[in-house]
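The model shown is predicted, which means the values in this text are computed figures rather than measured ones.
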Amino acid sequence: MAELGPTKIHGNHDVRGKSAAKSFVIEGGNPQYQVSYSFQSVDGELTAGLHGKNAHVTLHENGKVAISNNAAGDSTIDFTDKYIQAFKDFESEQKVTGKKGVYDGTQRVFSHNNRNITSDIDDSSSSKYASALAVKTVADHTISDSMAIEKLFVHGGWKQRFALTKNGRLYGFGQSDDYSLGQGEGQAENQFGFVLINLPYSTHEVADVFMGHQTSYFVLYNRENNLHEIWGCGNASHGALGGQAANRFSPTPIIKEVTEYWKPIDFCYGRTPMFYVRDKNRTKIMAFGANAYGRTGDGNTSAITADSGRLIALPENIAAQKVKKIFSMGGWYGCTFLVTTDNKLFACGYNGQGQLGIGSTTNTSTWKKVNLSTGIVAKIEEIRGGYGYHTGGGESAAGFTFIRTNTGELYFAGDGANYAAGRGTHTDSTTFVQVATNVVELYSGGHYGSHIMKQGNTYRVWGMNHNNRWAANAADLSRPRDVNLSGLSGPKCNFQCSGSYTPYLMDQVFWNERGMYCYFGTNRYGAGGYGLKDKEASYKTMKVRQVPIDQGDQVIGMYTAQHYNDQTTYCLTRTGKLYACGYGLNNFLPKTYGSQSNASNSTWQLLN
């Protein structure tokens, strides 16, 4: 993508042999602009006002389109923000002129933030001339290869979301607190529609995205050196952006030339996640983030504000090459686990409920060995935390920890309240105890949430039973029980981390590739997608429902997301179509041509 600045396009553009609806992209602006037009292949001229100047689009019989911005034929159009926004002042005054005379036109601005501008021309006297001219952001395309989505990045509690298209471009939507969508300095905080993220696409590929509160992180693969980089934008406080002391309005590099990275896992409302990288020589591991309670293992508990991060201490003086995996969990009240190649497990950080599994509830800023056998550690597939609201500062405490092995064993340590361990009691455990076998998937909710695992081919749930969501008895589920998915063949789940402040309200959806699904939750704003809103969907009302996907298409993921009680549900298909329902304000249900104005959307909508 070209650098920021005035956008200009010169000369003629051959459109012969193409369909009646024409379009091309003008590089250089922020965002980029696309000129769309349709025409009869005869000589004619279409004129539209741009801040007192004339933008001439001349359509020739030979199929070429000549563009100029004044009567003298300067051959350029300057699409800077001031010209685009000027359309707002000329909505009712614009005229469209052609060789056959003057025609009344209409100019309409959907949103000056999104700079969507259309000119509808009533050419009643002749069909020989162009019928329409539109100037709009590239993100405003109807579904096409350019906006077909490959992957969706959402987090249960955050307000910003991202979509990676099949052509490699990354778009943001939702709210952009502190410029967490990286829309650029001076741009409105609340954006509408899909916002193209300004990244070096010509040399880099988007490999991953993760989020913190008001901060966004983009993992890029550099094709020129075969290494990764991590870029960020948004709130820079508490070391969120490394050495960047001030908030970043656009994505900026945090660290380059890394061979491996470990991003945060399942944290709820937390101030600044911790992430770790291995350098290109594989001799150092650097940490970034708030580092509260000491998660670099060296006794230091201060925020990491150096440009290159902070070199972590390694347990037992091992070499960096001996680090196999790092699991970083939680925000301010978080903890970190480190697995070595000789199958030892170490932990440091917040331990107020015994979630480190080291035999105490004492926080530690240096690495402590977890007493698990090397045979168990060798099989660790994932470590996942559960979090509860910490009343002291709006943060989430990592209250308990699950370890799942690649042979299906599930271990638990930490706060046992609300039957978090699923073993029939509220008993805490300061060491890891086995609580299940044959587990192939695990989705852990918050301290006040539900927890879901897949045992064999069956999904089972335990923990909070909010509004009798999972069972008739109002009591919480002290042990795992089967989720009622009768009639849903081949179910899958993309359970998201619990939402901020009210984690027990997080909705869950089970789905299959044909777009059939079962929804459990509060259904606020119609997030269940079946025509009702704010009515709890529980085991009693459980039905197999259908997302209206195209015949022959397949669902590759369904996701629930929540900020406070603003719940939305998303459905992504193999062809790249994105459907959504639920809360439509705050740009949570973006539209390719602007913003969604309805708070409640209880039926599925195609967003792209």
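For the pair Arg545 and Tyr519, the cation does not sit on the ring face, since its NZ or CZ is not both under 6.0 Å from the ring centre and inside 45° of the axis.
Taking the centre of each ring, Phe173 and Phe162 stay at or above the 6.0 Å mark.
In this structure, Arg161 CZ and Asn587 CG are separated by 10.0 Å, a value rounded to the nearest 0.5 Å. Atom CG of Leu442 and atom CD1 of Ile403 lie 11.5 Å apart (nearest 0.5 Å). Here the OG1-CG distance, from Thr573 to Asp550, works out to 7.5 Å after rounding to the nearest 0.5 Å. Note that the SG atom of Cys518 and the CG atom of Asn484 stand 7.5 Å from one another [nearest 0.5 Å]. The NZ atom of Lys151 lies 13.5 Å from the OG1 atom of Thr165; values are rounded to the nearest 0.5 Å. A distance of 10.5 Å separates CD1 in Ile254 from CH2 in Trp231, rounded to the nearest 0.5 Å.
In this pair, Phe588 and Tyr583 present their aromatic rings tilted. The plane angle is within the 30 to 60° band. Using cut-offs of 30° and 60° for the angle between ring planes, the Tyr179 and Phe249 rings count as perpendicular. The aromatic rings of Trp462 and His451 sit tilted relative to each other, their planes meeting at an angle between 30° and 60°.
A salt bridge does not link Arg404 to Glu409: none of the charged side-chain nitrogens sits closer than 4.0 Å to a carboxylate oxygen.
Looking at Phe210 and Ser216, their side chains never come closer than 4.5 Å, going by heavy atoms from C-beta outward. Looking at Pro200 and Leu220, their side chains come closer than 4.5 Å, going by heavy atoms from C-beta outward. Under the 4.5 Å side-chain criterion, counting only non-hydrogen atoms from C-beta, Leu572 is not in contact with Tyr579. Taking the side chain as every heavy atom from C-beta outward, Leu606 and Lys577 approach each other to under 4.5 Å. Within the 4.5 Å cutoff, side-chain heavy atoms of Tyr201 are placed close to those of Leu196. Two residues are said to be in side-chain contact when any heavy atoms from C-beta on lie closer than 4.5 Å; Thr401 and Ile383 meet this criterion. Residues Thr569 and Asp507 form no side-chain contact, since every pair of their non-hydrogen atoms from C-beta on lies 4.5 Å or further apart. Residues Val509 and Tyr559 form no side-chain contact, since every pair of their non-hydrogen atoms from C-beta on lies 4.5 Å or further apart.
Here the shortest heavy-atom pairing between Val439 and Ala436 reads CG2-CB, 3.8 Å. Contact detail for Gln183 and Val195: the closest heavy-atom pair is CB-CG1, 4.3 Å.
Looking only at distances, a side-chain donor or acceptor of Lys325 sits under 3.5 Å from a matching main-chain atom of Ile380. In this structure, the side chain of Gln175 does not engage the main chain of Leu181 through any donor-acceptor pair within 3.5 Å. Looking at Asn523, its side chain does come within 3.5 Å of a backbone N or O of Ala527 through a donor-acceptor pair. Judged purely by atom type and a 3.5 angstrom limit, Asn465 uses its side chain to pair as donor or acceptor with the backbone of Ala471. Remark: the backbone N or O of Gly234 is not paired with any side-chain donor or acceptor of Arg248 at under 3.5 angstrom. No side-chain donor-acceptor contact under 3.5 Å links Asn222 to the backbone of Leu227. With hydrogens and angles disregarded, a donor-acceptor distance shorter than 3.5 Å links the side chain of Asn608 to the backbone of Gly576. The backbone N or O of Ser489 sits less than 3.5 Å from a side-chain atom of Asn512, completing a donor-acceptor pair. Judged by distance alone, with hydrogens and angles left aside, the side-chain atoms of Gln567 form no donor-acceptor pair with the main-chain N or O of Thr560 at under 3.5 Å.
Residues Ser602 and Ser600 have side chains that never bring a donor and an acceptor to within less than 3.5 angstrom of each other. Using a 3.5 Å distance cut-off with no hydrogens or angles, the side chains of Tyr459 and Glu441 do pair a donor with an acceptor. Side-chain polar atoms of Arg469 and Gln508 form a donor-acceptor pair below 3.5 angstrom.
Under the side-chain contact (heavy atoms from CB on, under 4.5 Å) criterion, Ala240 pairs with Thr215, Tyr217, Thr272, sequence neighbours left out. The side-chain contact (heavy atoms from CB on, under 4.5 Å) test applied to Val258 returns His228, Ile255, Val277, not counting sequence neighbours. The side-chain hydrogen bond (donor to acceptor under 3.5 Å, both in side chains) test applied to Asn235 returns Asp178, Gln214, Ser237, not counting sequence neighbours. Listed by chain and number, the residues in a side-chain hydrogen bond (donor to acceptor under 3.5 Å, both in side chains) with Thr203 amount to none (sequence neighbours excluded). In this structure Arg574 satisfies the side-chain contact (heavy atoms from CB on, under 4.5 Å) test together with Glu513, Asp553, Gln554, Ile556, sequence neighbours excluded. Qualifying side-chain hydrogen bond (donor to acceptor under 3.5 Å, both in side chains) partners for Asp208, counting only residues two or more places apart in sequence or in other chains: Tyr261, Lys263.
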Where do Ser176 and Gln160 land on the side chain to side chain donor-acceptor pair (under 3.5 Å) test, with the steps shown first? CA-CA 6 Å; Ser176 185; Gln160 72 270 39; over 6 Å; no
Apply the test side-chain contact (heavy atoms from CB on, under 4.5 Å) to residues Val206 and Tyr221: give CA-CA distance (whole Å), side-chain angles for both, the deciding distance (0.1 Å), then the verdict. CA-CA 6 Å; Val206 178; Tyr221 169 71; over 6 Å; no
Going through the checks in order, is the side-chain contact (heavy atoms from CB on, under 4.5 Å) test met by Val461 and Arg481? CA-CA 5 Å; Val461 61; Arg481 61 175 294 157; 4.1 Å; yes
Going through the distances and angles, do Phe510 and Val483 end up as a side-chain contact (heavy atoms from CB on, under 4.5 Å)? CA-CA 10 Å; Phe510 300 86; Val483 179; 4.0 Å; yes
Trp470 and Ser450: CA distance, side-chain angles, deciding distance, side chain to side chain donor-acceptor pair (under 3.5 Å) verdict: CA-CA 9 Å; Trp470 304 109; Ser450 308; 3.1 Å; yes
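Lys379 pairs in a side chain to side chain donor-acceptor pair (under 3.5 Å) with only one of the listed residues (Asn406, Thr407, Thr405), which is Thr407. A ring-ring contact (aromatic ring centres under 6.0 Å, His included) with Tyr517 is found for one member of Tyr530, Trp511, Trp604, Tyr570 and no other, namely Trp604.
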